[in-house]
Amino acid sequence: MSVRDDVAERIPGGDAGLIVAVLLVIYAAYVLAGVGLGYSVRGQLNTIGVLTFYIGVFAMLALALNLQWGYTGLFNIGIVGFMAVGIYVMALVSKPLYESGGAAQVGGLGLPLIVGIVAGMVAAALLGAVIALPALRLRADYLAIVTIAMSEIVRFSFLSGELQQFRLFGERVGFGGGSGLILDFTNPLEAFFQSFGLWDAYLGFVSVFEVIIPNNPKPVVDGLVYGAVLLGFVAVYFWLLKRTGESPFGRVLKAIREDEDAANSLGKNTNRFKIKAFMLGCALMGLAGILWLMTSGAVTPNFFRPRITFFVWIALIIGGAGSNTGSVLGGAVFAALLYQGPRYLKNLIDTVIPNADAPSGFGPAVSPLISNFDPAPLFFYTIDSVRQLQLVFMGLALIWLMHNRPEGMLGHRKETAAGIPLTGSRASASAETDGGDAGGGSDE
Amino acid sequence: MGIAETYTRGRQFAITRPGSVLVALVGAVLLFDLVAGLATGRHSFSGIGSLVWDGLMRGLVVGLAGIGLSMTYSILNFANFAHGDYITAGAFSGWATTYLVAGFGRADVGALLLVGAGGSVFGGTLGIGVTTTPVAVVAGILVAGIATVALALLVDRTTFRPIRDADGITLLITSVGVAFALRYLMQFVFGSDVRGTTSQPPAMALYLVDGAVRINAHDVALVVVAGALMLGVHLLLQLTKLGKAMRAMADNEDLAQITGIPTERVVRAVWVIGGGLTGVAGYMFILWKGTLGFNDGWLLLLLIFAAVILGGIGSIYGAIVGGLAIGLTASVSIVWIPSAFARAAAFLVMIVLLLVKPEGLFSGRSTA
Amino acid sequence: MSDPDATNVGSDHAGGSNGGRDVPGRTDAASNGLDLGSGGPNVDEEYPLQVEGLCKTFGGITAVDDASFRVERGTLTGLIGPNGAGKSTTFNLITGMLRPDAGTVTFDGEDITGQKPHAIANRGLVRTFQIARELQEMTVLENLMLAPKDQRGEALWRSVTPGFRGDVVEQEEELLERVWDVIEFFDIDHIADEYAGNLSGGQRKLLELARALLTDPDMLLLDEPFAGVNPSLEKRLLEHVHELREQGYTFLLVEHDMDLIMENCERVIVLHQGQVLTEGSPDEIQANEEVIEAYLGGNV
Ligand SMILES: Nc1ncnc2c1ncn2[C@@H]1O[C@H](COP(=O)(O)OP(=O)(O)O)[C@@H](O)[C@H]1O
Ligand SMILES: [Mg+2]
């Protein structure tokens with residue numbers, strides 16, 4: 001059946017194999033490029049750590065969005081608002097109590113990190129419910145406008161002076177306003193290892209790296225390990241959402257996406273399903289926001305501009321809405337090619353052709369080209385402006401995808417929504433019940 | 001009998017539309033608070049007057065830009081997220097012209113064309129204003145309109161037309177791509193600094209009970225230009241066959257096709273009218289507020305969506321009234337809430353309206 | 001193909017697994033059709049569906065205009081009328097897809113007017129659509145697996161929590177068995193793994209009917225279920241409908257094929273311009289001047 005042709009079927013290990021293969025290709029490309037240009041080991045490992053970080057966060061966010069859009073057809077373009085609520089509430093709960101004279105203007109409630117993380121997720125889910133309860137009956141494009149407006153309201157709220165500082169349970173707490181909020185809780189990695197009593201072991205592990213990175217390997221190793229932790233979270237998200245999708249619950253979500261009236265007429269209370277799916281997705285977005293920012297030392301409201309929402313959308317569209325495997329792949333490809341790729345390329349070019357004095361603006365960059373055919377300044381200005389131009393590329397990539405491959409890189413692929421494999425003939429249905437892999441591809 | 005009937009009908013309304021009643025109640029409380037504040041001297045008449053005037057000006061910009069968005073939304077059936085960046089494009093093209101005309105011979109042409117990117121030349125230094133350099137301003141308005149029409153047609157030709165039959169969500173996502181590409185291309189060319197564009201315009205003080213409401217020449221220019229264009233669109237859509245064709249298409253595209261209304265031509269006309277208004281709106285917005293940055297249009301976009309939805313998608317009067325309502329909300333709301341939440345209040349008005357009356361205030365009166 | 005077991009779609013679950021259901025075999029009471037006995041104590045029992053004074057206008061068009069009728073339990077009742085008579089709209093009003101401007105709908109003695117479609121379906125009143133509403137990007141199997149009521153795995157927590165998932169999987173296996181029975185009966189096993197969007201018009205109709213049956217309803221409202229279905233299958237489906245009817249299921253059938261209606265229905269309700277023109281046995285309807293006129297006046 002032509003519609004169900006599937007790359008994953010031709011790769012050993014199926015979906016997991018495909019994800020691993022793509023990740024390996026991405027890493028190999030980065031390492032090769034680095035080696036070719038004589039990057040130091042430290043530089044290489046740093047690059048890999050950063051790349052892994054972004055693969056992790058975008059894969060998580062794309063998975064969460066896939067639950068809402070890919071499965072349920074809920075057009076949420078307020079992702080960044082749920083991320084913001086996640087990290088801000090987490091900070092409120094887990095920052096240490098206020099001490100006068102400390103670096104932080106405001107304190108938190110001083111509760112353990114894990115409590116803060118759960119609180120952040122719950123807050124994001126509740127915000128989702130507040131929006132979902134009235135708004136889910138709206139048309140998709142109206143829901144889109146409501147959610148993006150909501151995410152801006154969230155940003156304005158954290159920016160406002162009124163919430164900069166207030167009292168909660170007698171403690172001086174707050175969101176810091178426009179100047180940002182210092183995240184002065186325990187280093188999450190340290191807290192993580194300490195909770196297993198492994199912090200000393202970890203420090204020992206870090207010192208091993210002195211062999212290849214002679215001075216101060218800790219930041220580099222921290223980055224790599226945190227990246228690995230994020231990939232662990234991606235695996236958890238994947239597992240959770242695969243289970244969600246491959247169940248009667250997921251089947252109703254899919255039906256809602258296809259035709260809500262039909263699902264209703266079969267006795268499914270579709271609003272309940274939509275709210276649950278929306279809230280779960282929002283909680284996962286909140287957690288992704290927490291994981292993205294909790295090691296960054298500080299947060300400012302203006303980090304949470306709508307463009308991050310659209311990054312996640314591009315990631316999901318690259319991978320293909322409707323498929324969890326596609327979401328992970330989309331997150332990885334987006335992070336590697338469109339998000340980190342141009343910046344890495346700029347670093348590489350800077351190493352090869354050092355340019356101390358790139359022109360400061362477009363004018364000085366083009367005037368030599370016009371007056372004496374000297375393209376160098378424009379070239380350097382272009383390289384220097386990679387952070388803006390990459391957004392242009394993203395926009396063009398999005399247009400290209402919508403024109404040429406709206407169904408994403410995996411093709412028209414939907415994972416079967418059932419707790420057991422549903423295969424094309426009755427005999428094999430009972431024989432394969434314990435097959436385990438519920439990717440449920442057809443074998444015709 | 002009259003009273004009893006009114007009462008019954010009122011009760012019926014309250015039961016079937018509890019949301020509307022709640023909204024009306026909140027509005028009444030706020031209005032009462034305002035009147036009480038004015039009576040007790042807590043608010044000054046001139047202070048409120050200034051806020052209202054400011055809101056009306058902002059509302060005119062939003063309304064003018066909203067007409068185009070509303071037209072494309074109803075005729076092409078998608079929410080165009082690139083519309084905000086059409087506004088910015090209009091602003092940059094128009095202001096480059098104004099700078100060039102006003103500053104020719106006094107500054108480097110490149111700097112003028114880039115609207116003084118990187119602080120290379122300042123609008124204030126060039127003495128730009130509707131009274132001081134009227135020719136430059138008029139040229140700017142014309143170029144802003146024309147350039148935006150060209151841009152809208154180009155984008156449609158390359159990007160939207162190949163997927164004309166796709167669903168609204170596909171088109172919406174595509175328009176996000178257009179928005180990204182345009183916005184950051186403009187940032188690449190014009191830089192990311194927010195520059196001042198005008199010199200201080202002459203102003204007059206209008207005395208209102210306890211103080212002055214200041215109205216400057218650029219306010220007046222905005223009122224004149226926006227008013228004239230709105231009237232022009234009204235006449236165009238009322239008096240020409242185009243208006244009728246557009247109404248037919250907004251109602252039912254397939255039917256319009258069958259009855260022989262050349263839909264592609266209508267679509268082109270919509271981009272021309274909408275693009276032109278949007279570009280001029282972008283230019284006037286900058287003239288009015290006196291600063292220009294690459295994010296201006298995008299920041300305005302959500303307010304415009306709010307206005308268009310408020311007024312009812314497809315209705316140009318709705319867009320105008322919605323624009324004024326949203327502009328007033330964003331301005332006057334700071335009487336009751338902290339100013340950081342002024343934009344939030346405008347969004348909230350839109351969200352509440354979507355929930356209470358999703359078809360908009362002017363529904364059923366599509367395009368004219 | 002029609003081995004006796006497979007023919008028994010849904011029925012084996014009707015009595016056993018679902019204790020709450022009550023399907024009295026009322027075929028005997030059904031025979032004395034004309035005696036309406038209004039006000040009798042058993043009126044609700046005998047007439048699961050009662051529609052009173054239903055009205056619906058769209059803008060200026062009056063689609064349903066003060067329509068009143070009732071459907072007797074255990075019958076196959078036909079609802080006929082020219083195109084645009086308001087049949088589909090009536091179905092929408094009964095099943096909560098549309099809210100009536102006036103009038104009431106009573107099902108099993110309870111007023112269900114204005115209830116949500118899913119609530120009405122869960123009461124056992126299930127409809128199919130004139131234009132099949134197959135879930136296009138789901139396979140035929142997925143479409144059918146969706147239908148059964150009370151699925152444990154529809155609770156999110158149970159589907160994801162380790163230790164509870166086993167329950168879900170176990171029920172899924174049972175459901176799949178039941179689904180395969182239906183698939184084999186409808187003779188669509190060769191397309192079981194196909195996306196519903198790729199089916200032919202007739203196949204979609206079958207899918208729609210099969211899906212409705214899998215919800216285990218008490219009463220089915222079928223909106224032109226045989227349009228595009230090949231004649232031999234149509235015959236088998238009708239046989240099956242009769243079988244279910246004999247077990248106490250009730251059917252209200254919209255169909256354009258007059259012969260089919262006259263041969264299969266005990267009662268026929270004629271709708272014309274949103275109003276009930278007349279109702280009676282097939283013979284009475286065929287002899288009725290008004291009906292003939294309505295059909296000749298409108299386009300059949
Ligand atoms: N959603 C709707 N909006 C406007 N008019 C409708 C709608 N649904 C049905 N109608 C009109 O109501 C009348 C009855 O339609 P319908 O119930 O579909 O008739 P039937 O099923 O008997 O052919 C027709 O005139 C149809 O055009
Ligand atoms: Mg019909």
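Chain letters run A, B, ... following the sequence lines, proteins first, then strands; residues in each count from 1.
- With a 4.5 Å cut-off on non-hydrogen atoms, L114(B) touches chain A through its side chain but not through its backbone.
- Among G361(A), G395(A), A397(A), the residue with the largest count of heavy-atom pairs under 4.5 Å with chain B is G395(A).
- Chain B forms the most heavy-atom pairs under 4.5 Å with one residue out of H403(A), M394(A), R155(A), E152(A), and that residue is H403(A).
- In the displayed structure, R106(B) atom CZ is contacted under 6.0 Å by more than 12 heavy atoms of other residues, nucleotides or ligands.
- Looking at R164(B) and D156(B), their side chains come closer than 4.5 Å, going by heavy atoms from C-beta outward.
- At least one side-chain heavy atom of Q340(A) sits less than 4.5 Å from a side-chain heavy atom of R343(A).
- Contacts between L159(A) and chain B at a heavy-atom distance below 4.5 Å are absent for every atom of the residue.
- Between chain A and the residues I169(B), D108(B), L302(B), T158(B), the largest count of heavy-atom pairs under 4.5 Å involves I169(B).
- Looking at F188(B), the atoms closer than 4.5 Å to chain A (heavy atoms on both sides) sit in the backbone and in the side chain alike.
- With hydrogens and angles disregarded, no donor-acceptor distance shorter than 3.5 Å links the side chain of H83(B) to the backbone of F305(B).
- When each of P338(B), A340(B), S339(B) is checked for heavy-atom pairs under 4.5 Å with chain A, P338(B) comes out on top.
- In this structure, F341(B) and S333(B) have side chains that are not in contact, with every pair of non-hydrogen atoms separated by 4.5 Å or more.
- The part of E162(A) that comes within reach of chain B is its side chain, from C-beta onward, which places non-hydrogen atoms under 4.5 angstrom from that chain.
- For the options T170(B), D193(B), L171(B), heavy-atom pairs under 4.5 Å to chain A are most numerous at T170(B).
- Heavy-atom distances place the side chain of I77(A), and not its backbone, under 4.5 Å from chain B.
- Heavy-atom distances place the side chain of Y73(B), and not its backbone, under 4.5 Å from chain A.
- Ranked by non-hydrogen atom pairs under 4.5 Å with chain A, the options T174(B), I163(B), I173(B) are led by I173(B).
- Of the two parts of P364(A), neither the backbone nor the side chain holds a non-hydrogen atom closer than 4.5 Å to a non-hydrogen atom of chain B.
- The candidate from L391(A), T382(A), I153(A) with the greatest count of non-hydrogen atom pairs under 4.5 Å with chain B is L391(A).
- A cation-pi geometry, defined here as NZ or CZ lying under 6.0 Å from the six-membered ring centre and within 45° of its normal, does not hold between R307(A) and F311(A).
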Candidate pair F58(A) and I318(A), rule side-chain contact (heavy atoms from CB on, under 4.5 Å), full reasoning: CA-CA 12 Å; F58(A) 282 117; I318(A) 291 174; over 6 Å; no
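- When atom types are taken as modelled, the side chain of R195(B) and the backbone of G123(B) share no donor-acceptor pair closer than 3.5 angstrom.
- Here the closest heavy-atom approach between residue L337(A) and residue P342(A) is recorded as O-CD, 3.1 Å.
- Chain A forms the most heavy-atom pairs under 4.5 Å with one residue out of V176(B), L113(B), L182(B), L348(B), and that residue is V176(B).
- Contacts between I317(A) and chain B at a heavy-atom distance below 4.5 Å involve the side chain alone, from C-beta outward.
- Taking 4.5 Å as the limit, every side-chain heavy atom of F304(A) sits out of range of all side-chain heavy atoms of F158(A).
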